[in-house]
**Student:** 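Just passing along the structure, written as structure tokens.
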Amino acid sequence: MKFASTVCAALLGAATTVIAQPQPEDQSDWVPGAYIVELESNESPDVFYAQLARDNGIEAEHRMHLASSDLFHGASFQVRNVSTHDHSTLLAAVKTKAQVRAVWPVRTVRLNVGTPTHHDIPAPASSGARGVHQRRNAANETSDTFSPHLMTQIDKLHAKGITGKGFRIAIVDSGIDWHHPALGGCFGPGCLVETGWDLVGDDYNPPGLPNPDADPYDNCVGHGTHVAGIIAAQLQGNEYGFTGAAPGAKLAAYRAWGCSSKATTDVLISAFIKAFEDGNDIISCSDGMLSGWSDDAWGLVSSRIAAAGVPVVIAAGNDGGTGIFQASSPAGARGVTGVGAVQNAIFPVFVSEGEYAVSQQSGGGAANHSISSNSYGFLAGTPAPPREMKLSLWAVMGNSSSPTEDACSPLPDDTPDLSNKLVLLRVPDSQKTRCYPIDQGENIAAKGGKYMAYIVQSNVTFEEQYIYVDGIEGVISVVPFQGAQWIDALNKGMDVTVTVPGPNATATTLMELEDHITGGFTGDFSSWGPTWDLLPKPQLTAPGGKILSTYPLPLGGYRIMTGTSMACPLVAGVLALIGEARGSLKDTNLVNRLISATAEPKIWFDGTKTYPGTLAPVSQQGAGIIQAYDAAFTETILSVESLSLNDTEHFVGEHTFSIENTGDQEATYVLGHMKTPTMYTLQPDMASPIKASYPNPTVNAWAELRFDADSVVVPAGGSANVTVTVTAPSGNNVNTTLLPVYSGYISVNSTRDDEHLVIPYLGAAGAMRSVPILQASSSYLADFGSPAAAGSAYTLPPPDPADLPFLNNPNKDPIHIPDAGKMPNMLLQPILGTRALHVDVVVVVSDDDNSDLKNGSSNANKKKTPTGIPCLGALAGYPQTYVSKSEQRAFFQGMMADGTVLPAGSYRLVASALRVFGDEAREEDWDVVETVPFVVSYDGTATGNGTAARPAAATQA
Ligand SMILES: *[C@@H]1O[C@H](CO)[C@@H](O)[C@H](O)[C@H]1NC(C)=O
Ligand SMILES: *[C@@H]1O[C@H](CO)[C@@H](O)[C@H](O)[C@H]1NC(C)=O
Ligand SMILES: *[C@@H]1O[C@H](CO)[C@@H](O)[C@H](O)[C@H]1NC(C)=O
Ligand SMILES: *[C@@H]1O[C@H](CO)[C@@H](O)[C@H](O)[C@H]1NC(C)=O
């Protein structure tokens with residue numbers, strides 16, 4: 001479930017001052033003591049490890065070699081004696097080594113596969129799957145009718161025979177079920193999945209070490225198999241008659257997630273490097289981690305691969321609910337193609353198949369007794385139909401047009417006996433009418449009814465119904481058009497006899513519903529950019545909501561999935577098509593400019609309604625939905641992909657770009673401006689700053705654009721420069737303290753061939769540095785969600801210095817927060833991301849005999865926080881770098897980052913966060929929040945033998 005943590009936060013915080021906000025699905029945690037290091041090119045990791053041991057007493061155990069000819073030279077390692085080396089002293093020691101270029105902590109990255117609903121997967125093959133609605137006429141294989149392809153012009157390229165031939169796409173994911181007939185059915189040279197590597201093995205569960213092998217086969221996760229089908233599913237062997245975007249391309253599978261769906265950044269970097277070294281033409285990876293910083297290790301390697309001539313396509317993330325500024329890594333890295341998702345125009349559902357017959361009313365033995373027989377699709381509810389039944393349809397609603405009140409009150413006296421009928425009724429609008437399916441079930445059961453058929457009320461909400469009412473024996477749901485046909489026949493005085501198959505005889509059909517509500521618009525789940533340094537992200541969008549593709553045979557063979565994970569591979573496939581059409585993809589910068597310029601921005605849909613005439617913000621949709629044919633064949637090349645105006649402190653208002661005409665005719669280009677809503681990052685009208693969530697509040701103000709010419713004439717083969725001067729939105733209605741982010745599109749319309757090109761632009765009409773990261777009102781010593789009282793007392797299990805401190809990332813899974821009320825913890829709710837987050841411990845009074853500690857204050861607190869507050873040093877787990885805006889908790893477990901066990905006593909925590917664009921050396925660039933003092937005692941004594949009771953790790957999801 002997507003925002004599971006929101007629900008819990010709301011439950012936990014019922015009586016608190018905290019505003020429940022959507023929490024992202026944080027896919028990442030730190031691996032304690034594990035680091036990635038980049039070394040000078042001629043240096044060996046072994047020499048470096050030896051130096052660490054000799055100079056600093058640090059025992060580094062080699063994890064992985066991370067080396068590629070020109071890209072990256074380094075390694076990852078695990079510090080064995082981690083408890084005697086806190087993160088900051090360790091980083092400092094590593095950084096002073098002459099051969100070290102950079103060092104980063106290793107993070108774990110989860111793959112989110114979700115749980116399929118009944119209509120996402122076909123019934124088991126044993127029941128005889130049939131793809132009647134989708135199966136294409138084999139005589140016309142050149143006509144591509146797959147909706148994600150129609151939305152992106154892929155069908156037009158397929159019609160020209162362009163299928164990605166000659167290009168190989170590396171998929172870094174959970175592996176591929178290459179046994180699948182629609183994915184070629186074999187692995188190795190000559191097969192669709194031509195090469196690859198399993199970097200981890202089935203049982204890989206970080207931080208344990210991987211167990212690589214040569215076969216990237218996946219039969220337990222499925223995500224990579226779905227991605228593979230979106231890129232290159234074949235028509236042959238495909239039960240549902242669709243193809244991938246680039247069925248002529250080859251695939252290479254790099255399995256970085258085993259059956260646990262968890263990987264680490266060093267494994268992923270290693271997979272990217274191997275994919276690059278193996279000579280693949282494109283790298284596609286449908287995952288990432290919350291960040292918003294474009295220069296962490298994985299992002300950096302991705303940028304370098306892209307710069308070296310291999311496009312890197314990455315899913316933007318599924319944290320749209322948290323609103324603007326939720327870029328992930330590596331999608332947010334420079335030069336990388338970050339992909340958001342639009343909803344499919346078609347909502348495909350797997351339904352069970354039954355039959356129905358329509359006949360003239362037989363009453364009075366009428367003569368013309370004509371019969372037509374048809375099939376229909378249904379979704380079994382609870383209770384499911386227990387056996388095959390032939391029932392005559394009876395509609396509750398009669399001629400009533402009010403869809404909300406079918407059987408919501410007792411049925412009239414003249415209602416017939418319903419025991420042999422299938423009672424047709426509509427799903428109530430329970431919020432409005434307070435009538436629930438259980439009420440309907442009771443009213444129907446009161447008339448002897450046993451079987452109910454619900455007509456769902458929209459093409460986009462096909463859900464099972466649950467009726468727990470004595471007497472009700474079977475419930476099914478049918479889609480609106482089916483219900484309408486049946487009502488129509490009944491209204492014409494016909495008899496409708498419906499056969500509901502029993503549970504064992506269910507054939508599966510794929511049904512395609514037209515989605516005229518969300519179809520084509522950016523999904524509310526699709527993560528928003530930009531990065532914290534205002535790099536426009538994502539680059540563009542592609543269909544990612546409700547996508548049919550292949551799935552491992554043991555898991556059903558096909559599945560409908562939703563996410564930017566599904567949009568990313570479609571774009572990777574399109575790049576192969578563009579590569580075939582244009583001959584090369586080596587100029588990745590050009591590739592990104594082509595797909596951006598030719599994308600189609602869609603209008604703003606805020607999750608509830610559309611705003612005709614206003615386009616969706618660049619921070620949500622980038623340049624818009626990819627248009628493959630235009631990108632492959634445009635004759636106009638723009639010199640920029642997008643423009644960042646940066647913030648008010650770093651404002652760059654004037655930009656010059658060129659328009660190159662590669663065609664053989666002169667063209668006139670008309671310049672224009674298309675607006676999008678300006679969005680507030682912070683919630684208006686609050687006593688203290690609080691980040692807003694999706695849909696962020698908008699303000700009716702726009703940037704103004706001035707061009708040095710309204711239009712330019714460019715001769716065949718020539719090029720012309722245009723200078724644009726941007727004035728950020730201002731005026732009385734713009735509240736710059738809420739950090740407004742404005743964006744829009746420069747339109748470049750050519751008079752030739754109807755070319756419509758865009759350049760997205762984006763900037764902040766406020767200063768990033770002026771926004772506080774931490775506030776005392778939202779970051780404090782917490783008792784679950786509320787502030788804990790000063791002097792709160794806690795009895796803890798004795799800390800065990802022989803074991804790693806318990807590190808947590810509770811926003812992932814608050815259910816697993818151990819004793820969030822019983823253990824001192826500082827709730828941290830950063831308003832923006834921060835490059836550096838420190839949590840330091842200050843002793844107030846100690847029970848220890850150590851005289852320094854005993855009296856607390858100046859003597860004991862010998863270290864300093866970043867802004868000079870005397871303290872004991874960093875709490876275990878801190879400081880952290882490249883932190884996203886996710887909520888987290890700093891748990892006080894009696895242990896410091898350097899492994900020191902703190903005696904019983906009274907303490908405070910001090911959190912310091914560096915502002916975006918802040919300078920570590922400037923005190924005013926840090927936000928500092930201190931907790932009230934709290935009192936800690938231990939349950940027994942610290943033995944150090946590892947037997948002390950410890951809370952369960954929150955990271956075990
Ligand atoms: C194949 O489909 C295309 C597009 O729908 C159509 O134009 C063409 O006539 C069809 N060809 C045959 C042989 O049916
Ligand atoms: C369905 O199949 C199972 C196993 O083959 C069998 O035990 C069960 O009785 C069948 N149910 C019906 C309603 O036919
Ligand atoms: C629902 O989808 C069907 C096709 O499957 C289509 O005929 C119908 O117009 C759609 N209804 C709405 C309201 O979009
Ligand atoms: C915005 O300005 C800052 C400071 O000069 C710079 O570091 C950052 O890269 C700029 N952002 C972009 C997208 O150019």
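Order of listing sets the numbers, starting from 1, for every ligand and every atom in it. Atom set for the values below is all heavy atoms of this structure, side chains included, hydrogens, waters and symmetry mates excluded. Quick note: residue numbers are just sequence positions, from 1.
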**Student:** As a test of reading the model: which residues have a non-hydrogen atom less than 4.0 Å away from ligand 4?
**Tutor:**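 Its neighbours under 4.0 Å (heavy atoms only) are Arg334, Asp533, Leu534, Leu535, Ser644, Asn646, His650, Phe917, given by chain and number.
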**Student:** In ligand 3, which numbered atoms sit nearer than 4.0 Å to a non-hydrogen atom of Glu512?
**Tutor:**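 Every atom of ligand 3 under 4.0 Å from some heavy atom of Glu512: 4 (C), 5 (O).
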**Student:** Is there a side-chain contact between Phe347 and Asn459 in this structure, where contact means two heavy atoms from C-beta onward sitting under 4.5 Å apart?
**Tutor:**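 No; the side chains remain at least 4.5 Å from each other.
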**Student:** Under a 4.0 angstrom heavy-atom cut-off, which atoms of ligand 3 come close to Leu513?
**Tutor:**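 Taking each heavy atom of Leu513 in turn, ligand 3 has 2 (O), 5 (O) under 4.0 Å.
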**Student:** I'd like to know whether the aromatic ring centres of His838 and Trp926 sit less than 6.0 Å apart in this structure.
**Tutor:**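 For His838 and Trp926, the ring centres are under 6.0 Å apart.
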**Student:** Short list, please: which atoms of ligand 3 are under 4.0 Å from a heavy atom of His516?
**Tutor:**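 Matching atoms, with element in brackets: 12 (C), 14 (O).
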**Student:** Parallel under 30°, tilted from 30 to 60°, perpendicular over 60°: which one fits the rings of Tyr761 and Tyr742?
**Tutor:**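 The arrangement is tilted - the two ring planes meet at 30° to 60°.
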**Student:** With a 4.5 Å limit on heavy-atom distance, are the side chains of Trp486 and Ile455 in contact?
**Tutor:**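 They are not in side-chain contact.
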**Student:** Could you tell me how the ring of Phe242 sits relative to the ring of Phe146: parallel (under 30°), tilted (30 to 60°) or perpendicular (over 60°)?
**Tutor:**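 Rings of Phe242 and Phe146: parallel, under 30°.
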**Student:** Within the side chain of Thr531, is there an N or O that forms a donor-acceptor pair under 3.5 Å with the backbone of Gly332?
**Tutor:**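 Flag not set: sc Thr531 to bb Gly332 has no pair under 3.5 Å.
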**Student:** May I ask you to check whether Thr656 and Asn721 show a side-chain donor-acceptor distance below 3.5 Å?
**Tutor:**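 Short answer, no.
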**Student:** Just by distance, no angles: are the side chains of Thr509 and Glu353 close enough, under 3.5 Å, to form a donor-acceptor pair?
**Tutor:**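 The criterion, which ignores hydrogens and geometry beyond distance, is satisfied for Glu353 and Thr509.
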**Student:** Select one of side chain, backbone, both or neither to describe which atoms of Met511 lie under 4.0 Å from any atom of ligand 3, heavy atoms only.
**Tutor:**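 No part of Met511 comes within reach of ligand 3.
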